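These notes are about the structure you will find just below.
Quick note on labels: first sequence line is chain A, next is B, and so on, each numbered from 1. Here the structure is a predicted model, which means the values were calculated and not measured.
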Amino acid sequence: MAKLKTDCFNLEYTLECGQIFRVNKQDGWYYVNAMDKLIKIRQNGDTIEYFGANKPFITNFFSLDVPLKKIIKEINRDDNMKLATKEYEGLRLIRQHPWECLVSFIFSAASNIPRIKSCVDGVSKYFGKKITVGDFESYTFPGCGEINDTQKLEKARPGFRGKYVYEASASINENHLESLRSMPYEEAKNVLKEIKGVADKVADCVLLFSLDFMEAFPVDTWINRIMQELYFENNPVPKKEIRTFADEYFGRYAGYAQQYLFMHARNRTK
DNA sequence: CGTCAGGTAGCCA
DNA sequence: TGGCTACCTGAC
């Protein structure tokens, strides 16, 4: 086991804000899957304790190197944001593996978190390898090209999203996704949107949650609703206009603003 | 037991 | 470009 002292980090909010799906809580520990890793982790005050990964991985994965206080300062543009960032203090964006992130969010279309989780778990179970940490057992996530059997894929119950995942697995390789990092935001987004099953929202999730584009602002139904309420006097507004507004209003860290607003919007009705 | 969902593709004006 | 609608299926 390793320990690490953190600053301005909340493990619970970070893992339970809906950006990542393969998370399980058991006996006070979180079990987090990330491609071929299974991490066992918990937080005690400022300190995190973990198994299954080394310090560089943990630091990078949980964005512990990102200057969150500075970011919060920049996105706290009004009282609503100050409330949301205070409410979920320490929430950080996770740097997921681009391929796992892409598949997860293709699954997310017109779905809900329990079902998305079930699809991602299913794909892991039917295409991944068994992995354990302590007495917890799960499966690794299959790499690009490894989701190559439609009958097995069907067992994950993806519905109409299955064909998109199958096609993506057949046509994409990891280098293709990694190469997006060096592109400008708009260009990287357009490349992602060439993938069937990927349009604005999913592309923005992949850019924000796995490729370090912190300006990406995914507009889903929750964000659509809360943004209209807070900034458009409850008037119906096209999602495109919401993205444009967010870009100008929140700036280069709009993605962080999005995640705090998402939590704020979702949890008040829960 | 219906309704509807963390959207998107395809089609048409 | 902008506005439909069908789409799998299981949570609620």
For this session: Taking atom types as modelled, find out whether A/Tyr185 and A/Asp204 have a side-chain donor-acceptor pair closer than 3.5 angstrom.
Result: yes
Exercise. What's the CG-C1' distance between A/Asp200 and B/dT8, to the nearest Å?
Worked result: 10 Å
For this session: Could you measure between the two P atoms, the one in C/dT5 and the one in B/dC4, and give it in whole Å?
Result: 14 Å
Problem set entry | A/Lys196 atom NZ, over 12 foreign heavy atoms within 6.0 Å | no
Exercise. CG of A/Leu102 versus P of B/dG7: gap in Å, rounded?
Worked result: 16 Å
Exercise. Does A/Tyr249 have A/Arg77 sitting over its ring (NZ/CZ under 6.0 Å from centre, angle to axis within 45°)?
Worked result: yes
For this session: Quickly work out the A/Asn224 CG to B/dC4 C1' distance and round it to whole Å.
Result: 16 Å
Problem set entry | Sugar-phosphate only, base, or nothing, as touched by A/Phe21 at under 4.0 Å among non-hydrogen atoms | base
Exercise. If the P atom of C/dA6 is compared with that of B/dT3, how far apart are they to the nearest Å?
Worked result: 14 Å
For this session: Send over the distance from A/Phe105 CZ to B/dA5 C1', rounded to a whole Å.
Result: 15 Å
For this session: Indicate, with a heavy-atom threshold strictly under 4.0 Å, whether A/Phe262 touches base, sugar-phosphate, or nothing.
Result: base
Exercise. Could you state the NZ-C1' distance from A/Lys193 to B/dG7, rounded to the nearest angstrom?
Worked result: 13 Å
Problem set entry | Side-chain donor-acceptor contact under 3.5 Å, A/Arg22 with A/Ser124 | yes
For this session: Would you kindly compare A/Gln258 and A/Gly197 by the position of their nearest DNA chain B nucleotide and give the one closer to the 5′ end?
Result: A/Gln258
Exercise. How is A/Ile116 classified with respect to the nucleic acid when contacts are heavy atoms under 4.0 Å: base, sugar-phosphate, or nothing?
Worked result: base
Seminar exercise, completed: A/Lys239 NZ to C/dT1 P, in whole Å, measures 18 Å
For this session: Check the side chains of A/Asp65 and A/Thr59 for a donor-acceptor pair under 3.5 angstrom, ignoring hydrogens and angles.
Result: no
For this session: Return yes if a side-chain donor-acceptor contact under 3.5 Å exists between A/Tyr231 and A/Asp78, otherwise no.
Result: yes
Seminar exercise, completed: For DNA chain B, the dot-bracket notation using Watson-Crick and G-U wobble pairs below 3.5 Å, [ ] for pseudoknot-type crossings and | for other-strand pairs, is .||||.|||||||
For this session: Please examine the side chains of A/Tyr50 and A/Arg42, heavy atoms only from C-beta on, and report whether any two atoms are closer than 4.5 Å.
Result: no
Exercise. Going by the angle between their ring planes, with limits at 30° and 60°, are A/Phe250 and A/Phe245 parallel, tilted or perpendicular?
Worked result: perpendicular
Problem set entry | Sugar-phosphate only, base, or nothing, as touched by A/Ile113 at under 4.0 Å among non-hydrogen atoms | base
For this session: Write down the distance between CZ (A/Arg225) and P (B/dC4), rounded to a whole number of angstrom.
Result: 13 Å
Problem set entry | Span that lies between the P atom of C/dC12 and that of B/dG7, in whole angstrom | 16 Å
Problem set entry | Rounded distance in Å - NZ (A/Lys240) to P (B/dT8) | 15 Å
Problem set entry | Residue list, side chain to side chain contact (heavy atoms under 4.5 Å, CB included) with A/Ile113, at least two apart or on another chain | A/Phe21, A/Arg266
Exercise. Would you say the side-chain atoms of A/Glu74 and A/Tyr256 include a donor-acceptor pair closer than 3.5 Å?
Worked result: no
Problem set entry | Footprint string (nucleotides 5-12 of chain C, 5' to 3'): B base within contact, S backbone only, - free, heavy atoms under 4.0 Å | --BBBS-S
